[in-house]
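Inspection log for the structure reproduced underneath, given as structure tokens.
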Amino acid sequence: MELGAVIEQHIEVHKFRAGSIAAAALLALLLQSFLPRYIHRASLLELPLLITVYFGLSRRNPSTGLLLGTIIGLLQDSLGHSPLGLYGIAKTIVGFIASSIGTRLDTEHPLSRLSLTIGFFVLQQVVLTLTKRIILGLAQPFFSMQLLAAALINGVIAVGLFMLLDRLRRS
Amino acid sequence: MAALPSRHRSLVLLAAVVAAQVLLLAVQIKRERQGRLIRVWSVSLLSPFERAGVWAVDGVRGAWNRYIGLRHTREENQQLHADLERLKLRNIELESKAAEVERLEGLAGFRQAHRNVPMVAAKVIGSSADSASKTIYIDRGERDGLKRNMAVITPDGAVGKTVEVFRNTAQVLLITDRESGVGAMFAGTRIQSPVGGTGEALVMKYVSNDDKIAVGERVLTSGQDRIFPPDWPVGTVVEARPASPFQIVRLKPLAHLSQLEEVLVLLTTQELETRKEPEKAAAAPKLKVRPAAPAPH
């Protein structure tokens, strides 16, 4: 217990400039709905997820992380045709787990960010698939090559995006 | 919430937020044929309780009806038994009335068919107190024009003759009485022989052993007794065997003598047209009026 307490003491809780989280989330949602109209491959991107993961890992407060995930997910739902709550549930869980992991792991290393993002992407897909299957009654595959590719692409993009977002931190 | 540790607080919050969104989804989703998902879930959630409630209410009601509610069952049962007995009696009464109506219809039809023959319908009101004699009492007497030695019949066949006539009643000697005698003949061969009673059946007394008599042959009145009109059914042969000096020929009366309730008293010996042998009746003379005379005993 003492060792754990020591490790937690060394993990920094980052703070961001006022409005930067909201601005980043809104921009991610805007791009998410805007880019695929012009770039077909952009539909593989999950920018709202990346924002949720990043701020969850950085803020390291599960309650804040899950509420941020909820808000971003519901907004994402409202911008699309999916029923409200589909992405909301997934991102709530992702935000909660990201915040919880952030209190225990060093999430600053690019490889760590890459693997965590891929993991969260897969987690989101699992939650989405379960929700679609159980609640919506839709036949949805758990795995496909396209999902794997999307997970890798989002992981790679997350490494760069997170470095950009690091600039929003208050020093 | 304030009492919960921070880690648990976020878990509770997670559960609450996820549950709220699941409900939000359920409100939006409409399953085919089942309506909105929230309704499906609500029904699925509540229906077990409803079923349990119905089961409990039915159980209580059943227990009440089967045990506590049976307090008055004994009285009801007795009442129902009494009703059943009363209805049985009523049923017997109605059946009897229906049979009576049927018989009266038969008599009425018979009278209608013989409108020109004077006759009186009478009800059997009693029978002989003496078991050795076969007599009945009818509710017609002198006031109705009855006299002694008048033929008493039913549409089925000969019954007997009046032997005592009072003001309002008359005594009828049945053809099965030992003292009775009817002038008769075989329907087919027209062989004549008087028919007498034995107490139960009828016998033809003087049939020669040379005459071939078939079982089942019909025997009719011959008119020789000057009481019964000719050609009226008397009985059918049930036994015919040679004997000395005459054959023994036993007959079964065609009239249901043991079940008589209504009879017809002929006020004349005018010949009647029988329904059972219309061709013979048509061939026979329609009207033969003879003066009524005492019959040989």
Side-chain angles (χ1 to χ4, degrees), chain A residues 1 4-5 8 13 52 56-57 59-78 80-104 123-124 126-140, chain B residues 1-70:
Chain A
M1 285 294 287
E8 283 186 15
V13 174
T52 305
L57 291 172
R59 293 285 296 175
R60 292 164 184 169
N61 183 326
S63 299
T64 309
L66 76 91
L67 287 176
L68 178 66
T70 303
I71 293 166
I72 292 176
L74 287 174
L75 286 171
Q76 191 176 358
D77 285 327
S78 64
H81 290 292
S82 54
L84 288 175
L86 182 65
Y87 279 90
I89 293 170
K91 285 191 168 53
T92 300
I93 293 170
V94 167
F96 174 80
I97 295 174
S99 304
S100 301
I101 287 174
T103 59
R104 290 168 174 80
L123 174 65
Q124 176 178 266
V126 168
V127 175
L128 283 174
T129 304
L130 285 175
T131 309
K132 284 178 181 176
R133 282 188 171 207
I134 295 169
I135 300 178
L136 305 186
L138 300 172
Q140 184 77 13
Chain B
M1 287 289 279
L4 289 170
S6 171
R7 227 167 65 191
H8 291 166
R9 198 164 50 206
S10 58
L11 273 174
V12 169
L13 183 61
L14 172 70
V17 172
V18 171
Q21 289 183 89
V22 167
L23 283 176
L24 182 65
L25 273 176
V27 170
Q28 301 166 78
I29 303 307
K30 196 171 183 179
R31 287 268 170 89
E32 283 182 20
R33 291 185 297 176
Q34 289 182 310
R36 294 204 178 276
L37 196 58
I38 187 72
R39 182 169 292 170
V40 175
W41 286 357
S42 303
V43 170
S44 304
L45 182 69
L46 293 178
S47 60
F49 295 103
E50 288 173 343
R51 266 200 293 271
V54 169
W55 178 81
V57 169
D58 284 352
V60 170
R61 189 183 291 164
W64 178 272
N65 289 337
R66 285 182 198 141
Y67 301 103
I68 302 167
L70 294 180

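Chain letters run A, B, ... following the sequence lines, proteins first, then strands; residues in each count from 1.
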Chain B heavy atoms under 4.5 Å from [X]: which part of the residue, side chain, backbone, both or neither?
| X | result |
| --- | --- |
| A/Thr131 | side chain |
| A/Ile93 | both |
| A/Leu84 | both |

Looking at B/Leu25 and A/Leu136, what are the two nearest heavy atoms and their distance?
->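 It is CD2-CD2, 4.3 Å.
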Of all the heavy-atom pairs spanning A/Thr92 and B/Gln21, show the shortest one and how long it is.
->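 Heavy atoms only, the tightest pair is OG1-NE2, 2.8 Å.
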Given A/Thr70, which of B/Val17, B/Val18, B/Leu13, B/Leu14 fulfils the side chain to side chain contact (heavy atoms under 4.5 Å, CB included) condition?
->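 In the set B/Val17, B/Val18, B/Leu13, B/Leu14, the residue that makes a side chain to side chain contact (heavy atoms under 4.5 Å, CB included) with A/Thr70 is B/Val17.
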Rounded to the nearest 0.5 Å, what's the gap from CG on A/Leu123 to NZ on A/Lys91? Could you check?
->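 Between atom CG of A/Leu123 and atom NZ of A/Lys91 there are 10.5 Å.
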